Amino acid sequence: MTDVNTLGEFGLIEHLTQRFPLRQPGSVKGVGDDAAVIDNQNLFTVVSTDMLVEGIHFDLAYTPLKHLGYKSVAVNLSDIYAMNAFPKQILVAIAISSKYSVEALEELYDGIRTACAHYGVDLVGGDTTSSPKGMTLSITAIGQCEPELLTYRNGAKPGDLICITGDLGAAYLGLQILEREKKIWLEHPELQPNLENSQYVIERQLKPEARKDVIEVFRKIQLKPTAMMDISDGLSSDIFHICKQSGTGALLEETGVPIRPDVQLQAIEFRLDPITCALSGGEDYELLFTIDPKDVDKIKYLPDIYIAGEMLNAADGVKLHTKGGKLHELKAQGWRHF
Ligand code: ADP
Ligand code: MG
């Protein structure tokens, strides 16, 4: 264990950021000067920032630092993709208490580096400071987009189709399993965690991916969604955001909400309704978007994109048509940290 004080602040920054090659032609100046310099040419700049606090947003009892680094970057980039834009650079600011060694920070930056390589973004700056307790991690992502392709939450119209990528509910179940095993471990430290058959849901919780691939497909098939956001709080609260901002209602079909069969089984083992995990779970980082019905042929045969309903007039409210044929009024209950 190497105390961070042996390197000093500047030594630590240099050490942590040395193996971050610049890949983007727009990254004119990266780490090392007073500020980074980015060439954006004629494109609009899209910026988003996220702050993660130990004990509130992550629990190091079951989150390896490498995964924390990877996830922090991925969820940030997810916000940029959700604008139909491509992220190019990130800045990483960390506040750390003395319990973190150089090796621990290397693990964190390993995860950050893996994510940068996977998504092709450059680390171009940040800040490093001390904290009286725990760790706070703040990541800012910078992306770009042709002005006419930017996709906001407010563009959906009644009659537009609601689409969802990937599958929902797994990250929430992964969290339930990790929390359960943590509790057991605290009471019986001699027991090995029982994570059998839970690999997929745990990976979805610890190592989510941003849907860069979907945005690349949109470009290829020349589809511009009418509205889009990433599903971070749960489908129910996120569809509400689109409805509120677009001035519409929505009808979701339970049969159209993608939930993997093995995830459904695990939800039932936990005495949870699978659709509840998808509606209220959160942290799936899939994309929720709406399209003009005339574009339906463009996505009909695409794998991993599912049509899950239709936008309605605002007066019709936000409803779920269940498998049993009932209509439920949805509530905007997302994942709440407070
Ligand atoms: P200043 O004191 O002027 O804020 P710093 O010494 O904090 O400058 O930073 C020097 C350089 O290192 C800057 O380019 C900054 O963006 C970068 N940097 C600082 N901390 C980090 C970090 N944790 N990760 C990545 N880059 C960092
Ligand atoms: Mg600074």
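Given the structure is predicted, the values throughout are model-derived calculations rather than measurements. For ligands, and for the atoms within them, numbers begin at 1 and follow the listed sequence.
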Contact (N/O only, under 3.5 Å) between [X] and ligand 1:
{"X": "Ile94", "answer": "no"}
{"X": "Val124", "answer": "no"}
{"X": "Asp127", "answer": "yes"}

Only heavy atoms of [X], strictly under 4.0 Å: list the atoms of ligand 1 that pass.
{"X": "Gly125", "value": "16 (O), 25 (C), 26 (N), 27 (C)"}
{"X": "Thr17", "value": "24 (N), 25 (C), 26 (N)"}
{"X": "Phe10", "value": "6 (O)"}
{"X": "Val92", "value": "22 (C), 23 (N), 24 (N)"}

Does only the side chain of [X] get under 4.0 Å from ligand 1, or the backbone, or both, or neither? Count heavy atoms.
{"X": "Ile13", "answer": "side chain"}
{"X": "Phe20", "answer": "neither"}
{"X": "Leu91", "answer": "neither"}
{"X": "Val31", "answer": "both"}

Item checked: Closest contact, heavy atoms only, Leu91 versus Gly126 ->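 Shortest heavy-atom contact: CD2-N, 4.0 Å.
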Check: Ile259 and Pro274: which non-hydrogen atoms are nearest, and at how many Å?
Finding: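 For Ile259 and Pro274, the tightest heavy-atom pair comes out as CD1-O, 3.6 Å.
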Next item on the list: Say whether Val92 and Phe20 are linked into one hydrophobic cluster, either directly or through other cluster members, by side-chain heavy-atom distances under 4.5 angstrom.
Entry: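 They do share one cluster, since a chain of ILVMFWY contacts under 4.5 Å joins Val92 to Phe20.
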Notebook entry, point to check: Less than 4.0 Å between a side-chain N and a carboxylate O, is that true for Lys71 and Glu283?
Noted result: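 Judged by the 4.0 Å cut-off on N to carboxylate O distance, Glu283 and Lys71 do form a salt bridge.
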Next item on the list: Considering only NZ, NE, NH1 and NH2 on the basic side and carboxylate oxygens on the acidic side, decide whether Lys298 and Asp295 come within less than 4.0 Å.
Entry: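 Salt bridge between Lys298 and Asp295, a charged N being under 4.0 Å from a carboxylate O: yes.
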Margin query: Check whether Tyr285 forms a cation-pi arrangement with Arg211 (NZ or CZ under 6.0 Å from the six-membered ring centre, at most 45° off the ring normal).
Written below: no
Note to self: Distance to the ring centre below 6.0 angstrom and angle to the axis at most 45 degrees; does that hold for Lys212 and Tyr119?
What the structure shows: no
Margin query: Tell me if the CD atom of Gln18 is crowded by more than 12 foreign heavy atoms within 6.0 Å.
Written below: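 For Gln18, atom CD is crowded (more than 12 foreign heavy atoms under 6.0 Å).
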Note to self: Heavy atoms only: which of Asp33, Ile96, Ile112 lies closest to atom 13 (C) of ligand 1?
What the structure shows: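 Among Asp33, Ile96, Ile112, the closest heavy atom to atom 13 (C) of ligand 1 comes from Asp33.
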